[in-house]
K.L.:
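Below you'll find the structure I mean.
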Amino acid sequence: MKYNDKQQAILLLKDGTIFHGKSIGISGTTFGEIAFNTGTTGYQEIFTDPSYYGQIMVTTNAHIGNYGVNTNEVESDGVKISGLVCKNFSMNFSREDASESLYEYFERQNLIVISDVDTRALVSYIRDNGAMNAIISTDGTSVEDLKIKLNQAPDMEGLDLASVVSTKEPYFFGNENATYKIAALDLGIKTNILRNLAKRDCYIKVYPFNATFEDMKAFNPDGYFLSNGPGDPDPLFSAQEVARNILAENKPLFGICLGHQVIALANGISTYKMFNGHRGINHPVKNLVTGKGEITSQNHGFAVNKEQLESHPDFELTHVHLNDGTVAGMRMKSKNCFSVQYHPEASPGPHDSSYLFDEFIENIKTSKN
């Protein structure tokens, strides 16, 4: 497809700002919260991460699609972003073990994409004006009609999206003869989290977002896990109740991202929507326990209230984000529980924080003894 063959496309932000671009050839209209990711690689993992459900993704890397896709490297059963905005979209790919082009992958899932956008200007605008709803259209819909549709779109704050991306039925992952059994609550779990647990000799049973503690306890697990996921943690009352019940029995509990926020809410510590979230694979975090720095993969638009956490008698702040001082990790003083706001399983991203899975296993060993 030549540049001149591309149809005009439009990105409309909630505040009325318009950015123009080109369609890659998939016609339609879609809306979501505009967000940007600063990663220079790993677009396939990003697009299939359930935590991005309900978001239109802006990629700051100039070239997207140049290494195609590999079906063995997805983080869920399909694309989870609502739409994509990028600078240069490559129809061709050069990776030897790619199974198909990114265009073919998107075409099968009917994902709306706008390319040839000034993404540097767009990201700068979002950074200055905050996250907001947006709509992208490649089918010639008028601006006035797009404004009407956009005004009907729900805001991310208060929105329960975990129920949309969670598994409908429990399923197993790993070797059933493994040493440890983990009950995982799926709020939008990434496959690489399961891989990390399985390679540490764990057999995991993954439960739907609305599973009860009794459901999970029936598996007789050695430890419990609360996953990442999209949307606002505040309306996840069932998950918060599960966390309270796990803590009441002082069972080993590990939470990542949305699961981390659920643990905070279960203990009366509030969360809030950030002006701009953290999304990328090079976010600096300091481990306050060891004093070491970590380069981390992050993807979240909500955060735990730091002041309330530090004043809570049962909690200790363990990790901070070095860019803005927000809460990046915490643990309970009297319970076998810890959590982080970032993604130690990465995919994409560095492996600086994979030790957290080892800490979880050590907590399980201690509990069993």
Side-chain angles (χ1 to χ4, degrees), residues 45-55 74-81 159-176 178 180-200 202-247 251-266 297 299-302 337 339-347 356-357 360 364:
E45 294 93 326
I46 292 167
F47 300 156
T48 58
D49 181 352
S51 292
Y52 283 120
Y53 186 86
Q55 294 180 328
V74 296
E75 288 299 322
S76 66
D77 59 358
V79 172
K80 292 296 183 288
I81 59 173
L159 197 59
D160 167 19
L161 295 178
S163 59
V164 181
V165 298
S166 178
T167 182
K168 305 307 178 187
E169 298 292 337
Y171 65 92
F172 295 95
F173 192 98
N175 180 2
E176 62 179 344
Y180 309 107
K181 294 167 65 177
I182 307 296
L185 192 65
D186 177 13
L187 305 176
I189 198 165
K190 289 175 65 180
T191 302
N192 206 42
I193 290 175
L194 299 175
R195 296 190 194 106
N196 269 274
L197 290 171
K199 75 179 183 180
R200 288 170 172 81
C202 294
Y203 184 49
I204 310 104
K205 187 172 184 179
V206 184
Y207 290 84
F209 78 101
N210 58 352
T212 65
F213 175 64
E214 288 71 24
D215 294 334
M216 301 175 74
K217 184 178 180 181
F219 182 51
N220 193 28
D222 299 304
Y224 293 84
F225 177 78
L226 303 184
S227 85
N228 63 293
D232 191 336
D234 197 56
L236 302 181
F237 303 117
S238 175
Q240 294 167 36
E241 182 63 20
V242 166
R244 279 189 287 268
N245 287 325
I246 295 170
L247 294 173
K251 296 298 183 180
L253 176 61
F254 180 25
I256 287 178
C257 206
L258 188 60
H260 158 84
Q261 297 161 10
V262 165
I263 291 171
L265 289 167
S297 178
N299 170 21
H300 60 100
F302 291 81
C337 170
S339 61
V340 290
Q341 183 63 82
Y342 52 97
H343 287 262
E345 84 291 342
S347 188
L356 291 166
F357 290 102
F360 183 40
I364 290 174

K.L.:
Quick check for you: to the nearest 0.5 Å, what is the distance between Tyr180 atom OH and Ile204 atom CD1?
P.N.:
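Tyr180 OH to Ile204 CD1: 13.5 Å, rounded to 0.5 Å.
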K.L.:
Using salt bridge (Lys or Arg N to Asp or Glu O under 4.0 Å) as the criterion, list what pairs up with Asp77, not counting sequence neighbours.
P.N.:
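Testing Asp77 for salt bridge (Lys or Arg N to Asp or Glu O under 4.0 Å), a comparison that skips the adjacent residues, returns Lys80.
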K.L.:
Could you list the residues that satisfy side chain to side chain donor-acceptor pair (under 3.5 Å) with Ser347, not counting sequence neighbours?
P.N.:
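In terms of side chain to side chain donor-acceptor pair (under 3.5 Å), with neighbours along the sequence ignored, Ser347 is linked to Glu75.
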K.L.:
What is the distance from atom OH of Tyr171 to atom CG of Leu194, rounded to the nearest 0.5 Å?
P.N.:
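It is 5.0 Å, given to the nearest 0.5 Å.
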K.L.:
Considering only heavy atoms from C-beta outward, does the side chain of Phe254 approach that of Pro344 to under 4.5 Å?
P.N.:
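In contact.
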K.L.:
Could you report the tightest heavy-atom contact between Pro233 and Gln240, atom names first, then the distance?
P.N.:
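Looks like O-NE2, 3.2 Å.
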K.L.:
Answer yes or no: are there more than 12 heavy-atom neighbours, outside Tyr53 itself, under 6.0 Å from its atom OH?
P.N.:
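Counting other residues, nucleotides and ligands, OH of Tyr53 stays at 12 neighbours or fewer.
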K.L.:
Quick one: CD on Glu45 to CG on Asn299, what's the gap to the nearest 0.5 Å?
P.N.:
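Output value for this atom pair is 13.0 Å.
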K.L.:
Take Cys257 and His343, measure what side chain to side chain contact (heavy atoms under 4.5 Å, CB included) needs, and give me the verdict at the end.
P.N.:
CA-CA 7 Å; Cys257 206; His343 287 262; 3.7 Å; yes
K.L.:
Classify the ring geometry of Phe360 against Phe225: parallel below 30°, tilted from 30° to 60°, perpendicular beyond 60°.
P.N.:
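Plane angle between 30° and 60°, so tilted.
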K.L.:
Using every non-hydrogen atom in the two residues, find where Asp186 and Thr167 come nearest and quote the distance to one decimal.
P.N.:
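Shortest heavy-atom separation between Asp186 and Thr167 comes out as OD2-N, 2.8 Å.
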K.L.:
Distance from Asp232 atom CG to Phe302 atom CZ, nearest 0.5 Å?
P.N.:
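These two atoms lie 3.5 Å from each other.
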K.L.:
Once side chain to side chain donor-acceptor pair (under 3.5 Å) is applied, do any residues pair with Tyr52, and if so which ones, sequence neighbours excluded?
P.N.:
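Expected list: Asn37.
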K.L.:
Go through the steps for Thr191 and Thr48 under the test side chain to side chain contact (heavy atoms under 4.5 Å, CB included), then give the verdict.
P.N.:
CA-CA 10 Å; Thr191 302; Thr48 58; over 6 Å; no
K.L.:
Is the backbone of Leu187 close enough, under 3.5 Å, to the side chain of Ser227 for a donor and an acceptor to pair up by distance?
P.N.:
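Flag set: sc Ser227 to bb Leu187 pair under 3.5 Å.
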K.L.:
Quick one: does Asn228's side chain have a donor or acceptor within less than 3.5 Å of a partner on Gly188's backbone?
P.N.:
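Yes, Asn228 side chain to Gly188 backbone: donor-acceptor pair under 3.5 Å.
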K.L.:
Mind listing the closest non-hydrogen atom pair of Pro50 and Ser76 along with its distance?
P.N.:
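Nearest heavy atoms, Pro50 then Ser76: CG-CB, 3.8 Å.
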K.L.:
Restricting to ring-ring contact (aromatic ring centres under 6.0 Å, His included), what partner residues turn up for His260, sequence neighbours left out?
P.N.:
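So His260 forms no ring-ring contact (aromatic ring centres under 6.0 Å, His included) with any residue.
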K.L.:
Can you name the salt bridge (Lys or Arg N to Asp or Glu O under 4.0 Å) partners of Lys217, sequence neighbours left out?
P.N.:
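By the salt bridge (Lys or Arg N to Asp or Glu O under 4.0 Å) rule, Lys217 matches Glu249.
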K.L.:
Could you report the tightest heavy-atom contact between Tyr342 and Ile256, atom names first, then the distance?
P.N.:
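For Tyr342 and Ile256, the tightest heavy-atom pair comes out as O-CG2, 3.4 Å.
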K.L.:
Is any side-chain heavy atom of Leu265 closer than 4.5 Å to a side-chain heavy atom of Asp234?
P.N.:
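A side-chain contact exists here, since the closest heavy-atom pair is under 4.5 Å.
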K.L.:
Verify, without hydrogens or angle tests, whether Thr212 (side chain) and Asp215 (backbone) share a donor-acceptor contact under 3.5 angstrom.
P.N.:
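Judged by distance alone, yes, a pair lies under 3.5 Å.
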K.L.:
Using 30° and 60° as the class boundaries, would you call the ring planes of Tyr207 and Phe219 parallel, tilted or perpendicular?
P.N.:
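Perpendicular: the ring planes of Tyr207 and Phe219 meet at over 60°.
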K.L.:
Where do Val262 and Ala243 come nearest, in terms of heavy atoms and distance?
P.N.:
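What the structure gives for the nearest pair is CG1-CB, 4.4 Å.
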K.L.:
Does the Asn192 side chain pair with the main chain of Glu345, one donor and one acceptor, at a distance under 3.5 Å?
P.N.:
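Judged by distance alone, yes, a pair lies under 3.5 Å.
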K.L.:
Return the minimal non-hydrogen interatomic distance between Gly174 and Ala198, and the atom names on each side.
P.N.:
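For Gly174 versus Ala198, the nearest heavy atoms are CA-CB, 4.2 Å.
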K.L.:
Calculate, to the nearest 0.5 Å, the distance between atoms CG and OH belonging to Leu185 and Tyr224 respectively.
P.N.:
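Here the rounded value is 11.5 Å.
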K.L.:
Output yes when a side-chain donor or acceptor of Asn245 lies under 3.5 Å from a complementary backbone atom of Phe213, and no otherwise.
P.N.:
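Side chain of Asn245 to backbone of Phe213: no pair is present.
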K.L.:
Could you go through Leu253 and Leu226, starting from their C-alpha distance and side-chain angles, then the distance that decides it, and tell me whether this counts as side chain to side chain contact (heavy atoms under 4.5 Å, CB included)?
P.N.:
CA-CA 8 Å; Leu253 176 61; Leu226 303 184; 3.8 Å; yes
K.L.:
Is it the case that atom CD in Glu169 sees more than 12 heavy atoms from other parts of the structure closer than 6.0 Å?
P.N.:
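Check fails, neighbour count at 12 or below.
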K.L.:
Check for a donor-acceptor pair, side chain of Lys205 on one end and backbone N or O of Lys181 on the other, with a separation under 3.5 Å.
P.N.:
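No, Lys205 side chain to Lys181 backbone: no donor-acceptor pair under 3.5 Å.
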K.L.:
Please list all pairs meeting salt bridge (charged side-chain N to carboxylate O under 4.0 Å, His left out) that have one or both residues in residues 251-260, counting only residues at least two apart or in different chains.
P.N.:
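For residues 251-260: none.
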K.L.:
Nearest 0.5 Å please: distance from the CG atom of Asp222 over to the SG atom of Cys202.
P.N.:
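Interatomic distance, Asp222 CG to Cys202 SG, rounded to 0.5 Å: 8.0 Å.
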